[in-house]
Every structure is written in structure tokens, then in C-alpha cells.
Amino acid sequence: MGATIITVDEFDYFVFGATGDLAKKKLLPALYHRFIDGQIPSAARIIGCARSPLDTEGFRALVTQALSDNASGPIAPASLSAFLALLVYQTIDVGNPSDWHQLVTIVNQTRDDRITVFYLSVGPSLFEPIVKGLKEHGLNHTSRLVLEKPLGFDLASATHLNNLLRESFDESRIYRIDHYLGKETVQNLMALRFANILFEPLWNAHYIDHVQITAAETLGVEGRGGYYDRSGALRDMVQNHLLQLLCLSAMEPPASFDADSVRDEKLKVLQSLEPLTDQRALDNSVRGQYREGDGMASYLSDIDKEHSQSESYVALRANINNWRWAGTPFYLRTGKRLRAKMMEISLVFRKTPHFIFNHVAAPIQPNALVIRLQPDEGIDIEITTKQPGHGGMRLHNTVLETAEAPHKANRPAPDAYQRLLLDVVRGDQTLFMRGDEVEAAWSWIDPIIAAWRDADYPPEIYAPASEGPRGAVGLMSKEGRVWREIQ
Ligand code: BG6
């Protein structure tokens, strides 16, 4: 059965940074797809705001190109022109009062109770002047504000940003995007856990030996060297995406599926993370940096520097100190230029208390529940069964795949932004991070960075298209565990 499309209420979506990369690659194509699926009414407006001196026609031409480069599937001319009719462009230099007045004029062209969204698809240095500009011009009272990482660089800057946002917008109207939360399988993880009784009795330290969360990419830093080298993999991927996945995997069942109930439970997980300070941080983390090889450039030449201590790979071992998880470590790893693009959460179960098949069976794998985010979204259950046929009791590993895997149904999962952009219009904050979550995540990350810095802990060099630095293997093997293969 196909999804039910419910058209949202009319809205004005102001996209600051509308001529930038994120807008062209993700935001505008996402709005286009929701429009052609009938979810966006034709009276909605999408107002591109950027410094470039374009007019609406110029913006429509830019969007046409962006869609032809980034939309999935063929673009029908009639749908395209209907979509382009929603677009308006307003040049905005945040320091120029007359640009702001123009913006106010556009807002005032529609009814006061119309849903108004300001999406800041801009560098973090522009958050402050834009948010202050919105407040100064009275555009902050009923509108919604969307922004995404980097939400601070450490706890102090994240707190400063939160204070700034809260001076102008009520928390209930601030949408902090983590696009991983919009991925189809991440939402499916919540369905799996909280719409079924089957797994809950097993979802704890008594039955789960450890959890692995992997976000492996094949690409390098791809022209984002300036940003990336200041950030490194820990800030770029772990502070947000991987910790969010950890929260959803580890949290208690919320009282209901509403934004604050879910976010309260995620916050408790972040607050239960055992701090990794000083030597503990060094013992439980591995950093790596890719070298050149196989015709691919090294990290250093990608960022155009001779030296850098930043990591393009990080692996961590985290403990969650609460009743459910004490004794079950969570291993997180992410890196660029690895062997394959693979994002998954694996819950690896403990061995059976007594194994009765020793005389016939080759070693078997422990059971695992694998939530695959990419490339083939889906959920697998890995169990042991008897090999069919004669030859005695021979066992092998069998994978039970969920029928829902979107690629199996020939129905590619929609890009996360399609869901998230319209959740803002629907006023649903469930898949967005609350300010206190962001701060709690930084509180856990900051001491790790401090320990690396104080110990002058350099990244270990790894070969491109590999599984990452050898040290990461040691992080697991010292406890008798192995990483799942990156494939
Ligand atoms: C971004 C990071 O948030 O996520 C990038 O800044 C990373 O470095 C990207 O490549 C990965 O996203 P996805 O959706 O391709 O898994």
C-alpha cells in the first residue's frame, strides 16, 4: 500500500542561503518532490533569500538547474512550471536595513496566521545577525526557525547559540535539524522498538553483548576542507548523528510519541553516558587520518595543508550508566575514505548460556539485529539455523530480512529532508533536537577533545578504501569482540 498524502496548510518558507550547496542539493529538491506528490498546496510560497543580486526569474532558472542536477527521476515540464510558480527571490544582505524591509513586505503580503518558516541554510557566523534581524523586524513572534549543524563548536559556543535563539524564539518554534533523524530506517527503529513486544524483553544488557554504530563513507572531505579540518570526525559526525542514533537505540520507551516525551528520553541517555576524560578518553578512542593510495589523494592534500592533527576517522567505546545498559558497551565509528558506504546500528546478542552443538558445528556468529540506514535501508535479524538437507546437524548463519526494506519494494526511501522540511510546517518537533540535547552531547564530547589535545594524541594513518586504522581493531579485540565488516 502506498503512503497516504495529506496536503499541509499554506505556508511561506524563507530559505536563507538559497543559492548555496545545501539548498540546491537537498532543500529545494525535497520541496519539489513533496510538491509534485501533492503535499504542498499551490498557494504556498518558497522565498529564496541570499546575498546574490538575483531576481525571481533568475532564481527560478537557478532552481531549474538545481532540480535537473539533483531531483530524482524525470522532471515533467508541467510540474516544474507549477513548482517554479511558488518561488520568490529576495536579495538580502543582513547588514542592509532596506533588504530587511523588503522581507517584511513579503511577509505582510499574506494573512497573519499563515505558517511562516525561516530556514537558515547558512554558515554559523550568520546565525546571530539573521536571528537578531528577525527579532528586530518583528518576524520572530509566530514564525518557526530551522537551523542545522554546526550547532556550536563546543559546549560554550552551543550554549551561547541556544541563549541567542531563545532570546528571540520560543523553544517550541526552534527546529534543530539532524538529517539522520529523518532517515526512513531511523524512524523504523522507533517503530520496531515501540510498536512490537517481541524485542523489548531482550533490549537490555542481559541479552545484548554490545552495540555497534557505524557510519562509513567512501568519499573524502570533498572541497569542505576548510570546515572539516577545524571540525574533525568527532565534531562532524559523532556529536550529532551518531549520538542521536545511540539515543534512539538506547532510550527508554517514551510515554507517548510526541516531541518532548521522545526528547526527554534521549536526553536521559546523553546524561547517562559515562564521561570519557583524560586517560579514559585515550583508552576508549581511536583517531585516524587517511593517506593517499589507489589513485586517491591523502587527507592533507584534500585540505591543502602540510600538517593537520584533525581526524577523518574516529572510533569510540561508550558506556551508558543506567539499569538497562550497565555492562553493554556501545562502540561508535565513523570515517571518510573507507572501503564502502555503510551506515548501520547492530545489536549483537550474547552467546547462548550453554552450547550443545559443539561436536558438529563450526563456530557460529552471535545473533544480531542490524538496522541498516544505508545503502540498502532495512532491518535484518541474524540467527543460526540448521543447514537444510542431509549430512547431520550442520548449522549456519541465516539472515531474516524485513519485507519493508524500501529498496526491495522498488521504492527508494525519500531523502530525509523531504520528511523534515514538512514536519516543520506540520509543527512536529519529534525528529528535531532540543537545545538541552545539543548541550548534553557537547558535554560528553568536549572532554574527549580536551584529552586528545592535552596528550597530543595524533591520528593514526590509514589506507584509503580500508576499514580504518588498525588501532580501531584493538579497541574491540582487547575485549574479545570484532567489528562487523565494512562492506
Ligand atoms: C554531514 C557531515 O552531516 O553528514 C558530512 O557533515 C557527511 O561530513 C554527511 O558526509 C553524511 O550524510 P549522509 O546522509 O550521506 O549519511
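Order of appearance sets the numbers: ligands from 1, and atoms from 1 within every ligand.
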Q: Test K183 against every option in E377, H241, Q374 by the side chain to side chain donor-acceptor pair (under 3.5 Å) rule and name the one that passes.
A: Q374

Q.
Please confirm whether R224 approaches ligand 1 to less than 4.0 Å, judged on its heavy atoms.
A. yes

Q. Once you round to the nearest 0.5 Å, how far does CD of E479 lie from OH of Y331?
A. 3.5 Å

**Q.** Winner among K341, Q374, E217, M343 once heavy atoms are compared against atom 15 (O) of ligand 1
**A.** K341

Q: Hey, could you give me the OG/CD distance between S231 and E311, rounded to the nearest 0.5 Å?
A: 7.5 Å

**Q.** Residue, atom name and distance, where the atom is the protein heavy atom closest to atom 16 (O) of ligand 1
**A.** Y180 OH, 2.7 Å

Q: Could you label the plane-to-plane angle of the Y417 and H179 rings as parallel, tilted or perpendicular, counting under 30° as parallel and over 60° as perpendicular?
A: parallel

**Q.** Geometric N/O contact Y228 with ligand 1, under 3.5 angstrom
**A.** no

Q: Considering heavy atoms of the protein only, find what lies nearest to atom 12 (O) of ligand 1 and give residue, atom and distance to 0.1 Å.
A: H179 NE2, 3.2 Å

Q | CZ-OG distance between F118 and S168, expressed to the nearest 0.5 angstrom | A | 12.0 Å

Q. Counting from 1, what ligand 1 atoms have a heavy atom of D236 closer than 4.0 Å?
A. 2 (C), 5 (C), 6 (O), 8 (O)

Q. With a 4.0 Å heavy-atom cut-off (strictly under), which part of E222 contacts ligand 1: side chain, backbone, both or neither?
A. neither

Q.
Taking 4.0 angstrom as the limit and counting only heavy atoms of K336, give me the atoms of ligand 1 inside it, by number and element.
A. 5 (C), 7 (C), 8 (O), 10 (O)

(Q) Is there a side-chain contact between K132 and L164 in this structure, where contact means two heavy atoms from C-beta onward sitting under 4.5 Å apart? (A) yes

Q | Polar atom proximity, H241 to ligand 1 (N or O, under 3.5 Å) | A | yes

Q. Under 6.0 Å between the ring centres of W325 and F330?
A. yes

Q) Which ligand 1 atoms does K183 reach within 4.0 Å, using its non-hydrogen atoms? A) 13 (P), 14 (O), 16 (O)

